[in-house]
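Working notes, structure below.
We name chains A, B, ... by the order of the sequence lines, and we start the count at 1 in each one.
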Protein chains: 2
Amino acid sequence: MTSQAAEGPETVVASRRSKITPEREREFFDAVLEQIRECGYDSVTMEGIAASTRCSKSTLYRQWKTKPQFVAAALRASRRVRFAGIDTGSLAEDLRQAARAAGDWSGKDTRLLQALGHAVTSDQELAQALREALVHPEIAALEEMLARGVARGEVRADHPALEYIPAMMFGVLRVRPVLNGQYADADYLVRFVEAAVLPALGLA
Amino acid sequence: MTSQAAEGPETVVASRRSKITPEREREFFDAVLEQIRECGYDSVTMEGIAASTRCSKSTLYRQWKTKPQFVAAALRASRRVRFAGIDTGSLAEDLRQAARAAGDWSGKDTRLLQALGHAVTSDQELAQALREALVHPEIAALEEMLARGVARGEVRADHPALEYIPAMMFGVLRVRPVLNGQYADADYLVRFVEAAVLPALGLA
DNA sequence: GTGTACCGGTACTCCACCGTATCGGTACAC
DNA sequence: GTGTACCGATACGGTGGAGTACCGGTACAC
């Protein structure tokens, strides 16, 4: 990301400055995110990352100036939309599928969000990266679903529950570990949609 | 708590081992919880607590063996039920008042929960203390409200949304900062109850 | 008044991490 | 082939917190 200049259509090698391949970079990023999930943001050390990826601290510091910048880069690289492509033609079914999808990555992302939750309060770039990687894509996808439902006339555009649906989904996802001691799995979330989200929208 | 043996009905002094008064102890506890909210659990140091309360590290280590034990004691001492006494005779109104009450301590407790969220995964005693201090009392109070509503016949006992209400309330409370960048205030929560919680229960 | 034991202060050891510097090996450019 | 510059390894100084040890002062018990 910071180090590649893809010139040729095929060869990745094009007078680049860094010899770190994208695959290698992904190893670093995977390692740091995993260690954050395991030990928390503060406990993650550049030394630890270097050791677990068998690279040297120098290499990391050459590419990224500081730990927050490194983590932010890792987050940006891990960005992907998990609700992508859900469009069944029915809002209720869209939400059920989103719940199912959310349940599948629930553990990993919930841990990451929890572990970074406090670190972001003191680093703007990190906060931005976290939102872009884990929060905003999913929220946007949810809001698109809702917009399509409104467009189809399933829900009125001024329905008061609309603005709370993303918070409900995300919220239940995040607090389940605290309340019940286990991550929200797909089944739990689908039942939640059925029992609370759809009724709130007047769809059940 | 660890150090007092209240024998006389009035005099606190009764052949106690520690000279630390309950007021002094509360200073320590307030300081550590506040610093946790500000800087996160890992960044809080016994040295910092000692400095900010003008006591010595020795004093702290004399009373509590380790940092997690100290923090756990602080949590246990801060335990109080915030929804206590809410009983309006109507479930809808109970929930509205709970939302209002929650909004008032939202910032402080949300920050504390967030800051400790990861630390508790590696310390059982801390986890237990956190649940007893911040989570369980509120959940229990909510469940009592719901039970009363069921007893009054406002909601059927097998209503599927019932089990999700605490998670919804807590969840929205906690994720609002992530989604909107601000803590959930009383107004936001009351509107949430109105727009989503009551409809989910078939009460609006 | 005397003794005890706790308090606050400080100095200390130990340890882990940060960030930098140095160095040999080597892959790639030309 | 030769040069360049990046990689991985290691070592280094500096910092800061965890706990411990010691010490003078003092409040309370009796």
What pairs of nitrogen or oxygen atoms, one from the protein and one from nucleotides 16-18 of chain D, lie under 3.5 Å apart?
residue	atom	partner	partner atom	Å
dA18(D)	OP2	Met46(B)	N	3.2

Could you list the protein-to-nucleotides 23-26 of chain C atom pairs, N/O on both sides, closer than 3.5 Å?
none

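Between the P atom of dG19(C) and the CD atom of Gln69(A) lies a distance of 11 Å, rounded to the nearest Å. Atom CD1 in Ile20(B) sits about 14 Å away from atom C1' in dA27(D), given to the nearest Å. Glu27(A) places its CD atom 14 Å from the C1' atom of dC7(D), with the value rounded to the nearest Å. A straight line from CZ of Arg54(B) to C1' of dT10(C) spans 15 Å, rounded to a whole angstrom. With rounding to whole Å, Leu60(A) atom CG is found 13 Å from dA9(D) atom C1'. The CD atom of Gln35(A) sits 10 Å away from the P atom of dC17(C) (whole-angstrom rounding). Atom pair Ile49(A):CD1 and dC17(C):P shows a separation of 11 Å (rounding to whole Å applied).
Distances were taken from every side-chain heavy atom of Ser56(A) (C-beta onward) to each of dG19(D), dA9(D), dC7(D); the shortest belongs to dA9(D).
The side-chain heavy atoms of Lys65(A) and Tyr61(A), taken from C-beta on, include no pair separated by under 4.5 Å.
At a cut-off of 3.5 angstrom, counting only N and O atoms as typed in the model, there is a donor on one side and an acceptor on the other between the side-chain of Ser58(B) and the base of dG9(C).
Ring geometry for Trp64(B) versus Phe70(B): interplanar angle of 30 to 60°, hence tilted.
Stem regions annotated for DNA chain D: C:1-30 with D:1-30, counting only runs of 3 or more consecutive pairs of Watson-Crick or G-U type with both contacts under 3.5 Å.
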Check your understanding: After noting the C-alpha distance and the side-chain angles of Leu112(A) and Leu75(A), does the key distance pass the side chain to side chain contact (heavy atoms under 4.5 Å, CB included) rule?
Key -> CA-CA 10 Å; Leu112(A) 195 53; Leu75(A) 284 172; 4.1 Å; yes
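For residues 75-118 of chain A, the set of pairs meeting the ring pair (Phe, Tyr, Trp, His ring centres under 6.0 Å) definition, not counting sequence neighbours, is empty.
Using a cutoff of 4.0 Å between basic side-chain nitrogens and carboxylate oxygens, Asp187(B) and Arg100(B) are not scored as salt-bridged. Of the charged side-chain nitrogens involved, at least one lies within less than 4.0 Å of a carboxylate oxygen, so that Glu93(B) and Arg96(B) count as a salt-bridged pair. A salt bridge does not link Glu154(B) to Arg148(B): none of the charged side-chain nitrogens sits closer than 4.0 Å to a carboxylate oxygen. Salt-bridge annotation for Glu34(A) and Arg37(A): present, with a side-chain N of the basic residue lying under 4.0 Å from a carboxylate O of the acidic one.
Proximity of Gln63(B) to the phosphate of dC7(C): a side-chain N or O atom is located under 4.0 Å from OP1 or OP2.
Judged as a side-chain contact (heavy atoms from CB on, under 4.5 Å), and not counting sequence neighbours, the contacts of Pro177(B) are Thr110(B), Tyr183(B). Glu132(B) is linked by a salt bridge (Lys or Arg N to Asp or Glu O under 4.0 Å) to Arg79(B), counting only residues two or more places apart in sequence or in another chain.
Taking the ring centre of Tyr41(A) as origin, the terminal cationic atom of Lys67(A) falls inside the region bounded by 6.0 Å and 45° from the ring axis.
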